[in-house]
Amino acid sequence: MAKFLTNKEENYSQWYNDLVIKADMAENSAVRGCMVIKPYGYAIWEKVQSELDKMFKATGHVNAYFPLFIPKSFLSREADHVEGFAKECAVVTHYRLKNDENGRGVVVDPAAKLEEELIVRPTSETIIWNSYKNWVHSYRDLPLLINQWANVVRWEMRTRLFLRTAEFLWQEGHTAHATQEEAIEETQKMINVYAEFAENFMAIPVIKGVKTASERFAGALDTYTIETLMQDGKALQAGTSHFLGQNFAKAFDVQFTDKSGKLDYVWATSWGVSTRLIGALIMAHSDNNGLVLPPNLAPIQVVIVPIFKNPEQLNAISKEADKIKTGLESLGISVKYDDRDNNTPGFKFADYELKGVPVRLAIGPRDLENGTVEVARRDTLTKEVVSMQAITNYIRDLLREIQENIFSKALKFRKENISYVDSWEEFVDTLNKKGGFIYAHWDGTPATEEKIKEMTKATIRCIPLDSKEEEGKCILTGKPSTKRVLFARAY
RNA sequence: CGGGGUGUAGCGCAGCCCGGUUAGCGCAUCUGGUUUGGGACCAGAGGGUCGCAGGUUCGAAUCCUGCCAUCCCGACCA
């Protein structure tokens with residue numbers, strides 16, 4: 001396991017900050033709990049965006065954009081929704097500054113007080129459903145399958161880089177359907193899209209499930225989640241998809257006429273993933289040398305480092321490097337040729353490892369003589385010498401292998417850190433000594449869930465979709481249970 | 001909002017307890033030279049309102065008070 005997660009003396013967040021700054025991922029901003037995402041980190045996010053966007057389009061969704069500000073009255077239309085978000089809202093009360101009469105600087109102009117305060121969106125259900133009211137009249141207008149890429153603000157009491165920042169980037173899908181069945185189907189379809197994305201692109205295995213009532217999205221009837229396990233044994237919720245029933249349709253009076261001419265409220269879903277995924281990526285795969293990026297999300301998949309003593313040598317190497325670069329790029333592989341002469345090869349090796357570039361090629365005079373290339377892979381840190389003729393296909397296959405290897409490594413880790421326990425002692429013991437995911441029986445009551453949380457800080461991450469029916473007794477109360485649920489300490 | 005820690009150059013820190021020249025160190029930066037197959041070396045240079053405000057003192061990075069920021073633990077968190 002990576003040093004940063006095991007070394008107790010070294011402050012975890014200090015390390016994280018450090019890696020992130022050194023890797024040009026982010027730096028602390030002067031603004032509370034917000035982050036600056038540096039170009040390299042943002043490039044990873046852009047990859048996430050473009051791959052997800054393709055999947056959304058393939059499932060019939062389109063993009064749109066809605067306002068940043070939400071009138072306070074909108075937010076309060078749905079009772080559960082406002083209760084869930086009220087405590088973490090940034091509020092705009094004024095729209096103008098003026099010069100201070102008795103001194104320096106600017107002050108808020110009291111005359112510019114807004115009649116109705118505006119909330120900086122913590123999520124967009126309300127403002128979007130306010131629009132949908134005007135967009136939906138007939139069954140012919142349905143389904144409405146819209147996604148928005150945006151930033152949202154949640155004034156959390158405690159923030160954590162990438163995992164819980166005050167402002168974060170995300171996508172939020174908001175759909176409207178004619179029937180309950182169709183909406184539920186959409187909710188499930190999207191959690192499957194997220195699961196596929198997490199496993200195939202991020203190389204992080206997930207457990208799909210539904211949240212318990214107390215962990216549900218504010219205003220939802222059901223929340224589907226994908227739960228992931230980080231290297232330190234803590235769980236991270238990586239994406240959610242909500243079945244909203246008719247709650248928002250009723251709150252915003254969105255009705256349609258169905259085929260038989262009857263008026264009914266529409267059925268809704270919403271679903272989202274955020275820059276938290278970048279946090280998951282870092283925490284799931286990083287090692288002591290820095291980031292480990294799965295090839296499918298790496299902004300740079302292959303870096304070529306020339307090793308040379310003089311400009312003549314560099315020229316000769318560059319010719320070969322360019323050929324390789326062109327060959328790889330024709331296969332859709334992103335390649336960077338780093339011919340800067342102001343850093344030594346050793347420095348570049350370490351730097352690209354820190355940045356998680358999956359494959360590094362080194363070409364020196366020795367290789368020119370032999371017609372070879374040195375190939376180093378980031379996931380295993382091993383090196384091989386490959387002939388120049390074979391290099392293009394070799395790299396294509398290698399990238400695939402690395403992608404699979406990173407996933408199976410994470411899967412193996414997860415397997416080793418899933419426990420099945422049947423008693424309270426075992427539960428507490430596993431939690432403290434091992435951590436990870438714990439499958440255990442629960443009597444199904446919010447009171448028991450709450451009590452377990454209080455006693456152990458472990459929460460029910462989800463009721464897994466593939467959990468088998470089996471007779472059992474609740475680990476706390478001993479009452480009968482028919483299914484195991486997934487417990488863990490979480491971020 | 002409670003408990004604890006920290007704030008000194010771009011980054012990481014020492015100095016503070018026990019006040020006393022011109023505030024140091026490592027990394028990074030710049031210049032010159034030698035280097036370049038795993039984070040190069042030598043020589044030189046630049047860079048600081050010591051978080052902010054007030055107080056004590058002949059004298060404050062150092063002591064006192066207040067404030068601010070930040071981190072950790074709690075509370076909070078789909």
Side-chain angles (χ1 to χ4, degrees), chain A residues 8-22 24 27-33 80-81 83-89 122-123 125 152 154-161 163-166 168 170 172 191 210-227 236-244 270-274 276 289-290 305-311 313-314 317 339-354 360-370 372-374 376 381 383 385 453-454 457 459-462 490-491:
Chain A
K8 295 282 186 278
E9 286 167 30
E10 205 171 329
N11 181 314
Y12 162 74
S13 118
Q14 198 61 49
W15 181 94
Y16 193 47
N17 245 329
D18 201 46
L19 167 81
V20 156
I21 286 166
K22 278 184 187 154
D24 274 3
E27 65 188 2
N28 287 329
S29 157
V31 183
R32 178 202 173 274
D80 289 335
H81 189 68
E83 201 192 314
F85 285 106
K87 281 179 279 183
E88 52 187 52
C89 287
T123 178
E125 273 78 3
V152 289
R154 294 180 189 180
W155 212 264
E156 304 283 0
M157 286 182 182
R158 232 174 111 190
T159 57
R160 210 184 236 289
L161 201 59
L163 301 185
R164 194 179 298 112
T165 47
F168 54 93
W170 78 345
E172 46 181 327
I191 203 66
V210 289
K211 288 287 186 186
T212 59
S214 58
E215 297 271 331
R216 232 174 248 156
F217 175 74
L221 298 187
D222 244 327
T223 288
Y224 289 74
T225 176
I226 50 171
E227 295 290 326
L236 183 72
Q237 174 183 303
T240 47
S241 179
H242 316 292
F243 169 57
L244 302 174
S270 69
W271 26 273
V273 295
S274 70
R276 174 183 263 201
N289 295 317
V305 177
I307 294 157
F308 57 96
K309 290 191 166 58
N310 52 55
Q313 273 184 353
L314 178 60
I317 293 165
D339 62 352
R340 290 174 301 169
D341 66 352
N342 47 12
N343 286 112
T344 62
F347 177 89
K348 291 175 187 173
F349 292 173
D351 194 46
Y352 289 109
E353 271 165 22
L354 196 60
R360 184 187 69 235
L361 305 182
I363 308 174
R366 217 153 63 203
D367 295 298
L368 287 187
E369 270 176 41
N370 303 336
T372 57
V373 185
E374 185 189 79
L381 294 168
K383 290 192 273 199
V385 176
K453 187 178 172 183
E454 261 172 42
K457 289 166 81 178
T459 50
I460 300 178
R461 301 317 302 154
C462 68
Y491 278 104

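Below, all heavy atoms of this structure are taken into account, side chains as well, without hydrogens, waters or symmetry copies. Residue numbers begin at 1 in each chain, while the letters A, B, ... track the order of the sequences. Fair warning: this is a prediction, and the values are worked out from it, not measured in the lab.
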Provide, to the nearest angstrom, the distance between the [atom1] atom belonging to [X] and the [atom2] atom belonging to [N].
| X | N | atom1 | atom2 | value |
| --- | --- | --- | --- | --- |
| A:Arg164 | B:C72 | CZ | P | 11 Å |
| A:Glu454 | B:C77 | CD | P | 13 Å |
| A:Lys457 | B:A75 | NZ | P | 7 Å |

Strictly distance-based, threshold 3.5 Å: is any side-chain N or O of A:Gln313 a donor or acceptor partner for the main-chain N or O of A:Lys309?
yes
Please determine if A:Arg276 forms a cation-pi arrangement with A:Phe168, meaning its NZ or CZ atom is less than 6.0 Å from the six-membered ring centre and no more than 45° off the ring axis.
no
Roughly how far apart, to the nearest Å, are [N] and [M] at atom [atom1]?
| N | M | atom1 | result |
| --- | --- | --- | --- |
| B:A60 | B:G2 | C1' | 32 Å |
| B:G26 | B:U49 | C1' | 24 Å |
| B:C76 | B:U62 | P | 39 Å |
| B:A53 | B:G10 | C1' | 27 Å |
| B:C11 | B:A28 | P | 15 Å |
| B:G47 | B:C30 | C1' | 10 Å |

Partner lookup for [N], please. Criteria are Watson-Crick or G-U wobble with both distances under 3.5 angstrom; report none if nothing qualifies.
| N | result |
| --- | --- |
| B:C50 | none |
| B:A60 | none |
| B:C18 | none |

How does protein reach along nucleotides 32-38 of chain B, written 5' to 3' as B (base within reach of a heavy atom under 4.0 Å), S (only sugar-phosphate), or - (no contact)?
----BBB
With respect to A:Ser270, which candidate in A:Thr223, A:Thr123, A:Thr240, A:Leu244 satisfies the side-chain contact (heavy atoms from CB on, under 4.5 Å) definition?
A:Leu244
